[in-house]
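Have a look at the structure below before the remarks.
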Amino acid sequence: MRNGVQVSENFKKLSISILFNCSSSKKNIGIENIIYKQKTDIQSSFNQWEKQIKESHEKNKKNLVPLKELYTGSLWNNDIKKIQTSHIDKNINYFVFSAGLGVRSFEDLGQPYNITFSNNNDTSISDNLEDKVKWLGKLENSSSFNKIYQKKSNIEKLLSSEGTTFIVLSKDYMRVFLKYLEKNNFLLNNNIFLLCSYEVSSSYYKNNTIRIKSSMDYIFDQSLSRYKKRGYAGGASVRLLNDILEEFEVFRHEDIVKFLNKKDKSNEIIKPKRKANVTDEEIKTFIRNTLIIKNISISKLHRKLRDEKLWQCEDKRFAKLYKEVKGSL
């Protein structure tokens, strides 16, 4: 029994499916990246992309790696990896939503590529939501992709009636996914949970939506005597999913919402006063002294500066100073 709910053997045997975001950071496996180049229209762009993927798979078949090994970056190296290692006792099927490959199993093979559903990016399919939804439809119905992966739509498999499904995507990717479901009249059972940012909404799937506020991802730091984010902002939904998987064996919408509301620290967060007039030399000294001890990413180092030193430093300025120091080490 957990949370006052008797867990039957049938429930224990049911599988869990999770759909994660792909990552722009990918492992170097010695194969040239496939780069998306926009054509005059979505159909022409997709035809070119489909051809590139097909030719690359045929040429590099022996060197491709499972998608679970392809994606890197903080989200994959930390949060997603933690879920995989912490819940090996559960029957979990993992999927990834990729702008280049569609919805694929972690075990499907791939290679580095540059294409995204995110806006304001050189390799973005489009900034228009309808174009992105059309693109996803083409990925789902492509005979070439079905032949490469020897399977039909993974979206239908993901949204099957058995077991529990968690959809955990970034804002731009979630908008595309939800719009595609609406357009194709997918009916979602109550065992499907959409972990959505408050900036994303769908009245059509309101009963399946779990709202994620950034304040839910704060913890109390004894050394600082205040609440702070558990880490980089991008992994909030995935970290909260890990908490849900640890807390429940039977998943019900109202129970999950109640559980997450308890984690919402919006009324308890103490926002520190940060020093604004910090010189470039002070910041570079901090960066240099930190990197000499430990090589950490620019995002984590920037957060360290803000959380521990309580210094203000705008993103572009910090990136410029970080690059200067990194180049001199």
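Keep in mind that the numbers below use all heavy atoms, side chains included, and drop hydrogens, waters and symmetry copies. For this chain, numbers begin at 1 and follow the sequence in order.
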**Q.** Gap separating the NZ atom of Lys265 from the CD atom of Glu268, nearest 0.5 angstrom
**A.** 4.5 Å

Q | Member of Ile283, Thr285, Asn289 meeting the side chain to side chain contact (heavy atoms under 4.5 Å, CB included) criterion with Ile287 | A | Ile283

Q. Within the distance-only criterion (no hydrogens, no angle test), does the side chain of Thr85 pair as donor or acceptor with the backbone N or O of Lys82 below 3.5 angstrom?
A. yes

Q: Without swapping roles, check the side chain of Asn21 against the backbone of Ser170 for a donor-acceptor pair under 3.5 Å.
A: yes

Q: Measure across Pro112 and Asn33 and return the closest heavy-atom pair with its distance rounded to 0.1 Å.
A: CB-OD1, 2.8 Å

Q.
Evaluate Tyr94 against Trp76 for ring-ring contact (aromatic ring centres under 6.0 Å, His included), listing each step before the verdict.
A. CA-CA 13 Å; Tyr94 294 101; Trp76 281 78; 9.2 Å; no

Q. Taking only residues two or more places apart in sequence, or in another chain, which ones meet Lys81 in a side chain to side chain donor-acceptor pair (under 3.5 Å)?
A. none

Q | side chain to side chain donor-acceptor pair (under 3.5 Å): pairs with one or both residues in residues 63-72, sequence neighbours excluded | A | Lys68-Glu107, Tyr71-Tyr113

(Q) Please evaluate residues Thr290 and Arg288 with respect to the criterion side chain to side chain contact (heavy atoms under 4.5 Å, CB included), reporting the C-alpha separation (whole Å), side-chain torsions for both, the decisive distance (0.1 Å), and the verdict. (A) CA-CA 5 Å; Thr290 306; Arg288 186 179 297 107; over 6 Å; no

Q | Residue pairs fulfilling ring pair (Phe, Tyr, Trp, His ring centres under 6.0 Å) with at least one residue in residues 288-328, sequence neighbours excluded | A | His302-Phe318

Q: Applying ring-ring contact (aromatic ring centres under 6.0 Å, His included), name anything that partners Phe20, two or more places apart in sequence or on another chain.
A: none

Q) According to a 4.5 Å side-chain heavy-atom criterion applied to Ile, Leu, Val, Met, Phe, Trp and Tyr, with indirect links allowed, do Leu181 and Leu187 form part of one hydrophobic cluster? A) yes

Q. Can you tell me if Ser142 uses its side chain to pair, donor with acceptor, with the backbone of Leu139 under 3.5 Å?
A. no

Q. Between the main-chain N or O of Ser197 and the side-chain N or O of Arg211, is there a donor-acceptor pair closer than 3.5 Å?
A. yes

Q: Ignoring hydrogens and angles, tell me if any N or O in the side chain of Asp264 forms a donor-acceptor pair with the backbone of Ser266 under 3.5 Å.
A: yes

Q: Just jot down the ring-ring contact (aromatic ring centres under 6.0 Å, His included) partners of Tyr149, sequence neighbours excluded, or say none.
A: His57

Q: Using the test side-chain contact (heavy atoms from CB on, under 4.5 Å), find all partners of Thr165 that sit at least two apart in sequence or belong to another chain.
A: Ser17, Leu158, Ile167, Ile192

**Q.** Smallest separation among heavy atoms of Ser237 and Val168, with atom names
**A.** CB-CG1, 3.5 Å

Q.
Enumerate the salt bridge (Lys or Arg N to Asp or Glu O under 4.0 Å) contacts for residues 318-329, please, sequence neighbours excluded, ordered by first and then second residue.
A. Lys284-Glu324, Lys320-Glu324

Q. Among all residues two or more places apart in sequence or in another chain, which pass the side chain to side chain donor-acceptor pair (under 3.5 Å) test with Asp122?
A. none

(Q) I'd like to know if the side chain of Asp217 reaches the main chain of Ser214, judged simply by a donor and an acceptor atom lying under 3.5 Å from each other, with no hydrogens or angles considered. (A) no

(Q) Run the ring-ring contact (aromatic ring centres under 6.0 Å, His included) test against Phe259 and tell me which residues pass, sequence neighbours left out. (A) Phe248

Q: May I have all residue pairs that pass ring pair (Phe, Tyr, Trp, His ring centres under 6.0 Å) and include part of residues 263-298, sequence neighbours excluded?
A: none

**Q.** Connected-component partners of Tyr227 among ILVMFWY, side-chain separation under 4.5 Å
**A.** Tyr218, Phe220, Ile269

Q: Determine which pairs satisfy side chain to side chain donor-acceptor pair (under 3.5 Å) with at least one residue from residues 124-138, sequence neighbours left out, and list them in order.
A: Gln43-Lys138, Asn119-Lys132, Ser126-Asp131

